[in-house]
Amino acid sequence: MTFPKDFIWGAATASYQIEGAANEDGRQESVWDAFSHTPGKTKFGATGDIACDHYHRYKEDIELFSELGIPNYRFSVAWPRVLSYDSDTKGGAIHGIVNQKGLDFYDRLIDALLEKNITPWLTLFHWDLPLVLERKGGWRNRDVRYWAGEYTELIVKKFGDRVKNFFTLNEMPCILGGYMGWMAPGLELSRRELLNTVHNILLTQGTMVQAIRANASEGTKVGLAHCGFANFPATDSAEDIAAFEKSMDIFESAPESWHPQKGSGILYGGSLHYWCDPIYFGSYPKDADKTFGSDMPEILDGDMKIISSPVDFHGQNIYEGIAICAPTSEKDKEQGFSVKEFPYGYPTTGAKWNITPRSMHHFTKHIYDRYKKPVIISENGLSTSDYISPDGKIHDTLRIDFTNAYLNELGKSIQDGADIRGYFHWSILDNFEWARGYTERFGLVHVDYTSLKRTPKDSAYWYRDVIKNNGTM
């Protein structure tokens with residue numbers, strides 16, 4: 001498969017996962033600092049205090065990215081590194097205090113990228129909400145959109161002369177996961193509270209887009225980075241494809257149960273519509289009121305206009321999907337599809353996520369057909385049990401096979417008429433993997449977490465050649 005000549009190839013990271021320097025140069029505490037330092041919340045009590053020490057080693061890392069032929073780099077700014085807040089604020093508007101040392105770090109980072117002809121793609125929010133703001137309600141508080149709008153304005157005014165591509169929020173469903181117990185801040189809310197929080201997240205998405213438009217230079221592009229299980233038809237039969245399309249109209253917003261193969265709740269494939277229809281169509285799906293009844297959020301005048309502030313592209317993080325087939329039971333006939341469970345022994349990643357390349361084809365095609373926006377794969381990759389072999393190399397053949405298979409399916413989506421603009425591999429570096437700590441390695445580059453030595457894996461050199469040949473291998 002040869003990709004379009006102007007196809008965007010890149011790799012991605014996130015601030016809390018790689019930067020470290022948690023207590024340096026005026027950085028305030030984030031929800032993830034508090035969460036990871038709470039006993040029992042992360043694997044082996046791991047924290048991002050040091051992570052990959054990218055804050056001090058960014059020059060070394062960017063030099064390595066350049067050597068590996070990475071032309072586009074998606075990174076996130078740590079909100080609590082650039083703005084601090086007075087925890088004693090009582091009522092009224094809450095305004096951040098600019099931390100110049102934090103801004104200076106990203107100034108140096110962006111300049112270093114441009115010196116190496118690497119295009120920066122800046123993610124404004126990748127989960128590290130300032131802890132002070134969480135204590136004022138965080139995403140449960142409608143005012144979060146004002147806080148995020150002020151933060152966005154600061155970043156765009158400061159870096160918009162050099163950064164022309166912005167992601168707003170990374171993985172809105174996982175932000176909500178912080179209020180379902182499995183992400184920071186680790187709270188558990190009722191369904192009604194969760195749906196109101198979804199609405200606040202969407203309001204913030206729209207407010208950030210507006211702040212970018214108001215402060216960015218001409219030619220700036222903005223989108224979001226969404227996520228979720230990527231439904232796909234189990235076979236290419238007309239019956240399974242029709243069942244797949246029907247499955248996309250079934251959404252949930254609070255996981256009343258969890259099934260590791262079927263998925264559920266906010267990460268279910270069909271929940272794409274609940275999250276994204278408001279952004280692209282200015283309204284929740286037509287069945288939302290019927291599904292959630294009195295638990296639906298209060299929608300004030302002007303809310304949907306803010307939420308539907310136009311974006312330029314749709315970013316989608318795709319790792320695994322759910323196989324959908326024609327109904328196999330009387331119970332499933334009414335909804336028009338069945339979930340085909342993966343058999344025991346089905347191939348999985350190191351994180352025990354199912355390997356489902358077909359999801360990359362059908363899910364991206366569905367996104368483009370429904371929303372008519374260019375699609376960028378903002379994350380795709382896998383965790384494997386990487387180790388340094390006696391020859392000093394890391395032979396991660398599964399990562400190569402996985403990425404090759406997913407890229408081939410992405411190519412099919414392009415052949416089928418979808419406007420797919422780019423692909424960012426997750427991740428360029430092994431890093432702090434949230435609640436899993438340092439037990440999962442997603443990187444193209446191995447990081448020794450004791451010495452912090454970087455060693456490119458076989459997949460890094462393979463991906464370099466993929467980029468050089470624009471997908472033709």
Side-chain angles (χ1 to χ4, degrees), residues 3-4 6-18 65 70-77 113 118-128 163-175 177 201 205 208-209 212 220-230 267 269 271-272 275-276 279-280 311-321 353 357 359-361 363-368 370-371 373-383 402-403 406-407 409-411 413-414 418-429 431 433-434 442-444 463 466-467 471:
F3 285 78
D6 58 352
F7 194 75
I8 298 161
W9 296 98
T13 64
S15 51
Y16 190 71
Q17 294 183 265
I18 68 166
F65 300 168
I70 302 297
N72 296 276
Y73 175 53
R74 178 184 171 222
F75 67 98
S76 73
V77 169
L113 289 168
I118 299 173
T119 301
W121 290 67
L122 192 156
T123 304
L124 286 157
F125 183 76
H126 201 127
W127 306 352
D128 43 3
V163 177
K164 303 301 180 184
N165 303 284
F166 289 90
F167 289 94
T168 49
L169 302 175
N170 182 76
E171 299 190 341
M172 295 183 293
C174 290
I175 297 172
I201 293 170
Q205 155 68 25
M208 294 172 84
V209 171
I212 294 170
T220 298
K221 303 294 185 184
V222 56
L224 64 153
H226 197 53
C227 72
F229 284 92
L267 290 174
S271 290
L272 171 83
W275 286 101
C276 294
I279 295 171
Y280 296 109
V311 298
D312 299 300
F313 62 85
H314 178 97
Q316 188 71 29
N317 299 352
I318 293 181
Y319 291 94
E320 64 174 320
W353 297 353
S359 59
M360 185 68 94
H361 172 197
F363 202 72
T364 56
K365 181 67 164 56
H366 176 88
I367 291 170
Y368 177 72
R370 186 172 183 86
Y371 299 126
K373 289 289 183 181
V375 177
I376 292 175
I377 299 303
S378 36
E379 290 181 23
N380 172 249
L382 80 162
S383 164
F402 174 100
T403 309
Y406 275 73
L407 284 175
E409 292 293 330
L410 188 62
S413 189
I414 296 173
D419 185 358
I420 311 295
R421 296 285 178 90
Y423 173 92
F424 286 85
H425 191 89
W426 183 272
S427 170
I428 184 68
L429 297 173
N431 54 46
E433 191 51 41
W434 308 112
F442 278 84
L444 295 168
Y463 189 50
V466 168
I467 294 171

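Predicted, not measured: the structure shown is a model, and the values here were computed from it.
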Chemist: So which of Tyr319, Phe402, Phe229 actually passes ring-ring contact (aromatic ring centres under 6.0 Å, His included) with Trp353?
Modeler: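 Per the ring-ring contact (aromatic ring centres under 6.0 Å, His included) rule, the option paired with Trp353 is Tyr319, out of Tyr319, Phe402, Phe229.
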Chemist: Between Tyr463 and His425, does the ring centre distance come in under 6.0 Å?
Modeler: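 Distance test on ring centres: under 6.0 Å, yes.
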Chemist: For the atom pair CD1 (Ile175) and CD1 (Ile201), what is the distance rounded to the nearest 0.5 Å?
Modeler: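 One gets 5.0 Å once the value is rounded to the nearest 0.5 Å.
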Chemist: For side-chain contact (heavy atoms from CB on, under 4.5 Å), just list the numbers for Leu407 and Tyr423, CA-CA rounded to whole Å, side-chain angles, deciding distance to a tenth of an Å, and then say yes or no.
Modeler: CA-CA 9 Å; Leu407 284 175; Tyr423 173 92; 3.7 Å; yes
Chemist: Does any donor atom in the side chain of Arg74 or Thr123 lie under 3.5 Å from an acceptor atom in the other side chain?
Modeler: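 Looking only at side-chain atoms, Thr123 and Arg74 do form a donor-acceptor pair, the distance falling under 3.5 Å.
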Chemist: To the nearest 0.5 Å, how far apart are CD in Glu409 and CE in Met360?
Modeler: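 Between atom CD of Glu409 and atom CE of Met360 there are 9.5 Å.
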Chemist: Do Trp9 and Phe7 have ring centroids that are under 6.0 Å from one another?
Modeler: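 Yes - the distance between ring centres of Phe7 and Trp9 falls below the 6.0 Å cut-off.
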Chemist: Measuring from atom CD1 of Ile414 to atom NE2 of His361, what distance do you get when rounded to the nearest 0.5 angstrom?
Modeler: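 Here the interatomic distance stands at 10.5 Å.
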Chemist: Side chains of Thr13 and Tyr73 only: does a donor on one sit below 3.5 Å from an acceptor on the other?
Modeler: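 Their side chains do contain a donor-acceptor pair, which is all the 3.5 Å distance test asks for.
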Chemist: How long is the straight-line distance from CH2 of Trp426 back to OG of Ser383, given to the nearest 0.5 Å?
Modeler: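 Spacing of OG (Ser383) from CH2 (Trp426) equals 12.5 Å.
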Chemist: Counting C-beta onward and ignoring hydrogens, is there a side-chain heavy-atom pair between Leu410 and Thr364 closer than 4.5 Å?
Modeler: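 Yes, side chains in contact.
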Chemist: Hey, what do you get for CZ (Phe313) to CD1 (Ile8), rounding to the nearest 0.5 Å?
Modeler: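 Rounded to the nearest 0.5 Å, the CZ-CD1 separation comes out at 8.0 Å.
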Chemist: For the backbone of Ala12 and the side chain of Ser427, can you confirm whether one donor and one acceptor N or O come within less than 3.5 Å of each other?
Modeler: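 Side chain of Ser427 to backbone of Ala12: a pair is present.
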Chemist: How close do Val311 and Gln205 get, heavy atom to heavy atom, and via which atoms?
Modeler: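 Result for this residue pair: CG1-NE2, 3.7 Å.
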Chemist: Taking C-beta and beyond as the side chain, do Gln316 and Leu272 meet within less than 4.5 Å on heavy atoms?
Modeler: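 Gln316 vs Leu272: side chains touch.
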Chemist: Start with the C-alpha distance between Asp419 and Arg421, add both sets of side-chain angles, then the distance that settles side-chain contact (heavy atoms from CB on, under 4.5 Å), and finish with yes or no.
Modeler: CA-CA 6 Å; Asp419 185 358; Arg421 296 285 178 90; 2.7 Å; yes
Chemist: Kindly indicate, with the supporting measurements, whether the criterion side-chain contact (heavy atoms from CB on, under 4.5 Å) is fulfilled by Asn165 and Thr119.
Modeler: CA-CA 9 Å; Asn165 303 284; Thr119 301; 3.9 Å; yes
Chemist: Using every non-hydrogen atom in the two residues, find where Ser378 and Gly315 come nearest and quote the distance to one decimal.
Modeler: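 Where Ser378 meets Gly315 most closely, the heavy atoms are OG-C, 3.4 Å.
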Chemist: Taking the side chain as every heavy atom from C-beta outward, state whether Met172 and His226 have any atom pair closer than 4.5 Å.
Modeler: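 SC-SC contact between Met172 and His226 confirmed.
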Chemist: Counting C-beta onward and ignoring hydrogens, is there a side-chain heavy-atom pair between Ile118 and Asn72 closer than 4.5 Å?
Modeler: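 Of all side-chain heavy-atom pairs linking Asn72 with Ile118, none is under 4.5 Å.
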Chemist: We want to know whether Tyr368 and His314 form a side-chain donor-acceptor pair, criterion being a heavy-atom distance below 3.5 angstrom.
Modeler: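 Distance-only check fails for Tyr368 and His314.
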Chemist: Is any side-chain heavy atom of Ser76 less than 4.5 Å from a side-chain heavy atom of Phe125?
Modeler: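 No - every pair of side-chain heavy atoms lies 4.5 Å or more apart.
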Chemist: Test side-chain contact (heavy atoms from CB on, under 4.5 Å) on Glu379 and Glu171 and set out the steps.
Modeler: CA-CA 10 Å; Glu379 290 181 23; Glu171 299 190 341; 4.0 Å; yes
Chemist: Could you verify whether a donor N or O on one side chain and an acceptor N or O on the other, from Asn380 and Thr403, lie under 3.5 Å apart?
Modeler: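 Thr403 and Asn380 do not have a side-chain donor-acceptor pair below 3.5 Å.
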Chemist: Please report the closest heavy-atom contact between Leu224 and Tyr280, naming both atoms and the distance.
Modeler: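 Shortest heavy-atom contact: CD2-OH, 3.5 Å.
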Chemist: Do you know which two heavy atoms are closest between Phe166 and Ile212, and how far apart they sit?
Modeler: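 Phe166 and Ile212 have their closest heavy atoms at CB-CD1, 4.0 Å.
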Chemist: Trp127 versus Asn170: any side-chain heavy-atom pair under 4.5 Å?
Modeler: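 SC-SC contact between Trp127 and Asn170 confirmed.
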Chemist: Check whether the ring centres of Phe65 and Phe75 lie less than 6.0 Å apart, and answer yes or no.
Modeler: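 Distance test on ring centres: not under 6.0 Å, no.
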Chemist: Can you tell if the side chain of Trp121 reaches within under 4.5 Å of the side chain of Ile376, non-hydrogen atoms only?
Modeler: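 Yes; the side chains approach each other to less than 4.5 Å.
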Chemist: Strictly by modelled atom types, are Trp434 and Gln17 linked by a side-chain donor-acceptor pair under 3.5 Å?
Modeler: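 Their side chains do contain a donor-acceptor pair, which is all the 3.5 Å distance test asks for.
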Chemist: Less than 4.5 Å apart, any side-chain heavy atom of Asn317 and any of Phe424?
Modeler: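 No, every pair of side-chain atoms sits at 4.5 Å or beyond.
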Chemist: Considering all heavy atoms of both residues, which atom of Leu113 and which atom of Pro120 are nearest to each other, and what is their separation?
Modeler: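 That would be CD1-CB, 4.0 Å.
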Chemist: Compare every heavy atom of Tyr406 with every heavy atom of Ile318, then report the nearest pair and how far apart it is.
Modeler: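 The answer is CG2-CE2, 4.4 Å.
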